[in-house]
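This is a predicted model, so every value here is computed, not measured.
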Amino acid sequence: MDVPKDQIATLLEHGLYSSAQMLGCFLVSSPAVNAETSPHLKAESLVLLGDALFREREYRRAINTYKQALHYYKIIPKQNSTTSRSSLPSNRSSSPNSFNVSAINESEVRFKIASCHCALSENRAAVAEMEGIPGKARNLQMHLLMGKLYRNSRHTRPAIACYKECLRNCPYVLEAITALAELGATVKDIISLFPQTPNRSGRASFEHFDSSRWLQRYVEAQCCVASNDYKGGLELFTDLLQRFPNNIHLLLEIAKIEAIIGKNDEAIMNFEKARLIDPYIVTYMDEYAMLLKMKSDYSKLNKLAHDLLSIDPTRPEVFVTLSVLWERKDERGALSYADKGIRIDERHIPGYIMKGNLLLAAKRAEAAVLAFRGALELRPDIRSYQGLVHSYLAFSKTKEALYAAREAMKAMPQSAKALKLVGDVHASNSSGREKAKKFYESALRLEPGYLGAALALAELHVIEGRNGDAVSLLERYLKDWADDSLHVKLAQVLAATNMLQDALSHYQAALRINPQNEAAKKGLERLEKQMKGVDPDAPEEDEENEVEDADGDQEEPDLL
């Protein structure tokens with residue numbers, strides 16, 4: 001042969017994909033690889049060229065090349081086909097990374113075509129290709145890809161079947177465990193799939209029980225999180241972390257749960273610990289970005305965005321982080337980044353949450369409802385319910401807001417945040433304030449440290465003219481929780497009751513805790529005018545409007 005095909009396989013194995021692609025062009029055009037006299041050589045050569053194109057991310061060309069290979073494979077005389085297939089090593093992987101091809105395997109080539117379609121987000125075409133592979137010919141990697149494809153297509157039952165098949169083959173496919181938990185499988189269902197090997201006594205055991213105990217705990221943790229038992233999930237992951245100290249995956253899972261349930265300081269600490277161990281992590285970094293924004297820590301947020309862009313600018317987490325960063329500067333640009341994150345991965349929940357929050361802030365509540373609903377379809381999350389409820393309230397759909405809040409309470413019966421959400425709906429109507437008060441108090445009994453409920457209850461006291469009750473409540477909480485938002489709310493109540501000196505000390509305390517607290521800065525500026533005897537209302541509003549107009553109207557045309 002003019003061009004030895006084993007040399008292309010060598011180039012591919014060494015990651016020299018560009019050279020392999022160029023050499024592949026010589027191979028497929030070689031007179032020795034004649035389609036009429038040697039269709040099997042033509043097919044094999046095209047598969048090698050396709051593999052080079054796949055690794056170069058030239059997915060369209062790879063699909064076309066693989067399909068040509070299948071065409072020539074189908075015209076190989078029967079005896080040649082049998083010889084070719086029998087020469088296949090039995091333990092060869094079907095991954096697109098497996099390049100040392102001695103003969104074409106139709107199932108493998110179909111898997112590679114499906115992988116290309118998957119990379120191009122062409123879900124339907126990928127499913128069609130995978131369904132062309134006989135069930136008996138599918139291996140672990142094929143089952144996992146099919147599970148993902150079916151799940152993306154919202155075909156839940158076949159997705160579950162594929163993920164179960166993965167665990168029957170190998171219990172350590174953690175992706176399959178997480179997916180089954182999110183699709184509603186119980187701990188017992190999942191563990192029953194693990195391969196059982198009989199021991200000397202004739203009783204079945206999953207490998208060595210003690211060594212597999214951690215895996216069962218991992219299953220329990222993922223099932224807790226999937227059923228919104230965040231407290232249980234957090235305890236189980238924390239126990240696992242004691243056995244596997246500095247485990248980055250566990251640190252990230254713990255931090256993500258803490259972010260969802262509002263343990264923001266703990267979540268930030270665990271995200272930062274994970275980044276210290278491995279500064280090149282991208283997974284869940286948009287969750288970390290949202291927490292930094294809540295803390296107004298823009299210097300860390302800015303550095304995080306730059307770091308992520310230098311690590312992998314193709315990941316959805318990077319674009320959601322950019323969206324978080326740009327929210328202050330340009331809401332339209334921020335929304336564009338959130339949309340791009342969703343386009344890269346339609347199952348990326350933080351993208352939908354960020355998009356919903358941006359639309360709600362832009363007073364596009366009906367569009368925000370769609371974004372939060374998109375997140376909830378993927379996985380119930382208290383933040384998505386919060387966004388959905390407040391979006392409905394923003395355009396006076398009280399009935400829908402109450403239904404969504406009750407849905408949250410049903411999904412998360414032990415969540416103080418869900419109780420507070422029902423309270424928020426009742427508080428939006430003057431006739432429901434008494435009910436709102438009861439829900440806020442119930443939330444605080446369930447979770448005494450939930451400051452969101454304490455602040456909402458204080459606000460309710462103020463609305464109903466019970467400023468003294470609001471002050472007492474906030475002062476009680478400040479004894480145990482040094483939180484800037486509590487100081488700001490207390491300062492606002494004190495300023496409204498003309499206790500200006502006390503209000504001043506609480507605004508200053510808030511800024512000592514968080515120097516970037518915008519509400520404290522604005523409140524302090526207003527209070528200082530009030531103390532000088534200047535009416536703070538009219539000029540303050542005009543100045544704010546001018547600043548907003550300058551930020552919005554002047555920057556947007558430049559960006560466009």
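Contact check for Lys300 versus Leu304: no side-chain heavy atoms found under the 4.5 Å cut-off. In this structure, Ile268 and Asp297 have side chains that are not in contact, with every pair of non-hydrogen atoms separated by 4.5 Å or more. Contact of the Glu165 side chain with the Met146 side chain is not registered, since no non-hydrogen atoms from C-beta on lie closer than 4.5 Å. At least one side-chain heavy atom of Tyr288 sits under 4.5 Å from a side-chain heavy atom of Arg275. A heavy-atom distance below 4.5 Å is found between the side chains of Glu258 and Asn270. Using a 4.5 Å heavy-atom threshold, the side chains of Leu252 and Phe271 count as touching. Side-chain contact between Leu322 and Leu309: present, with at least one pair of heavy atoms (C-beta onward) separated by less than 4.5 Å. Contact annotation: the side chain of Asn247 never approaches that of Leu240 to less than 4.5 Å [non-hydrogen atoms, C-beta and beyond].
Under the 4.0 Å criterion applied to side-chain N and carboxylate O atoms, Glu447 and Lys420 are not assigned as salt-bridge partners. Comment: Arg373 does not engage Glu377 in a salt bridge, judged by the lack of any side-chain N to carboxylate O separation of less than 4.0 angstrom. With salt bridges taken as basic N to acidic carboxylate O contacts below 4.0 Å, one links Asp265 and Lys295.
Note that OG1 of Thr156 and CD of Glu182 are 12.0 Å apart. Values are rounded to the nearest 0.5 Å. Going from atom CE of Met142 over to atom OG of Ser115 covers 9.0 Å, rounded to the nearest 0.5 Å. Atom-to-atom distance recorded for Glu287:CD and Thr321:OG1 is 9.5 Å, nearest 0.5 angstrom. Leu301 contributes atom CG, which lies 10.0 Å from atom NE2 of His306 (distance to the nearest 0.5 angstrom). Annotation: the span from Leu236 atom CG to Cys224 atom SG amounts to 5.0 Å, rounded to 0.5 Å. Rounding to the nearest 0.5 Å places NZ of Lys329 at 10.5 Å from OH of Tyr298.
Screening residues 402-412 for side chain to side chain donor-acceptor pair (under 3.5 Å) gives Tyr385-Glu407 as the qualifying pairs, with residues at least two apart or on separate chains. Listed by first and then second residue, the side chain to side chain donor-acceptor pair (under 3.5 Å) pairs involving residues 469-481 amount to none (not counting sequence neighbours). Among pairs with a residue in residues 229-238, those fulfilling side chain to side chain donor-acceptor pair (under 3.5 Å) read Asn228-Tyr230, at least two apart in sequence or across chains.
A side-chain donor-acceptor contact under 3.5 Å links Arg445 and Ser442. A donor atom on one side chain and an acceptor atom on the other are not found under 3.5 Å apart for Arg379 and Ser384. Of the N and O atoms on the side chains of Tyr150 and Glu131, at least one donor lies less than 3.5 Å from an acceptor on the other residue. No side-chain donor from either of Tyr280 and Asp307 sits under 3.5 Å from a side-chain acceptor of the other.
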Report task. Apply side-chain contact (heavy atoms from CB on, under 4.5 Å) to the pair Phe194 and Ile177, showing each step before the final yes or no. Result -> CA-CA 11 Å; Phe194 295 167; Ile177 290 172; 4.3 Å; yes
From CA spacing to verdict: side-chain contact (heavy atoms from CB on, under 4.5 Å), His426, Leu402:
CA-CA 8 Å; His426 289 303; Leu402 189 58; 4.0 Å; yes
(Q) If you apply the rule side-chain contact (heavy atoms from CB on, under 4.5 Å), what do you find for Ile260 with Ile382, and how did you get there? (A) CA-CA 7 Å; Ile260 290 171; Ile382 189 64; 3.8 Å; yes
Starting from the C-alpha separation in whole Å, work towards a yes-or-no answer on side-chain contact (heavy atoms from CB on, under 4.5 Å) for Lys273 and Asn246.
CA-CA 8 Å; Lys273 188 176 179 182; Asn246 295 328; 3.4 Å; yes
- Message: Run the salt bridge (charged side-chain N to carboxylate O under 4.0 Å, His left out) test on Glu518 and Lys521 for me, step by step, so that the C-alpha distance in whole Å, both residues' side-chain angles and the decisive distance to 0.1 Å come before the verdict.
- Response: CA-CA 5 Å; Glu518 291 297 325; Lys521 286 179 186 175; 3.7 Å; yes
- Between His348 and Asp286, does a side chain to side chain donor-acceptor pair (under 3.5 Å) hold up when you go through it step by step? CA-CA 10 Å; His348 193 66; Asp286 44 359; 2.5 Å; yes
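Of the candidates Tyr284, Tyr218, Phe237, Tyr218 is the only one forming a ring pair (Phe, Tyr, Trp, His ring centres under 6.0 Å) with His249. Paired with Asn169 under the rule side chain to side chain contact (heavy atoms under 4.5 Å, CB included), one option of Leu193, Leu144, Asn139, Leu140 passes, and it is Leu140.
Closest approach of Ala375 to Ile353, counting heavy atoms only: CB-CG1, 4.3 Å. Shortest non-hydrogen contact noted between Ile254 and Leu241 is CD1-CD2, 3.8 Å. Here the closest non-hydrogen pair linking Leu167 and Val173 is CD2-O, 3.7 Å. The nearest pair of heavy atoms linking Val324 to Ala289 is CG1-O, 3.6 Å. Residues Val369 and Ser391 share a closest heavy-atom pair of CG2-CB, 3.6 Å. The two residues Leu451 and Leu486 make their nearest non-hydrogen contact at CD2-CD1, 3.9 Å.
Counting only distance, with no hydrogens or angles, the side chain of Arg138 and the backbone of Ile133 share a donor-acceptor pair below 3.5 Å. Judged by distance alone, with hydrogens and angles left aside, the side-chain atoms of Asn123 form a donor-acceptor pair with the main-chain N or O of Leu149 at under 3.5 Å. Between the side chain of Lys417 and the backbone N or O of Ile261, at least one donor-acceptor pair lies under 3.5 Å. Side-chain atoms of Thr178 come within 3.5 Å of backbone atoms of Leu174 as a donor-acceptor pair (strictly under, hydrogens ignored). Between the side chain of Ser153 and the backbone N or O of His155 there is no donor-acceptor pair closer than 3.5 Å.
Between Phe372 and Tyr352, the gap from one ring centroid to the other reaches at least 6.0 Å.
Heavy atoms of other residues, nucleotides or ligands lying less than 6.0 angstrom from CD of Glu346 number 12 at most.
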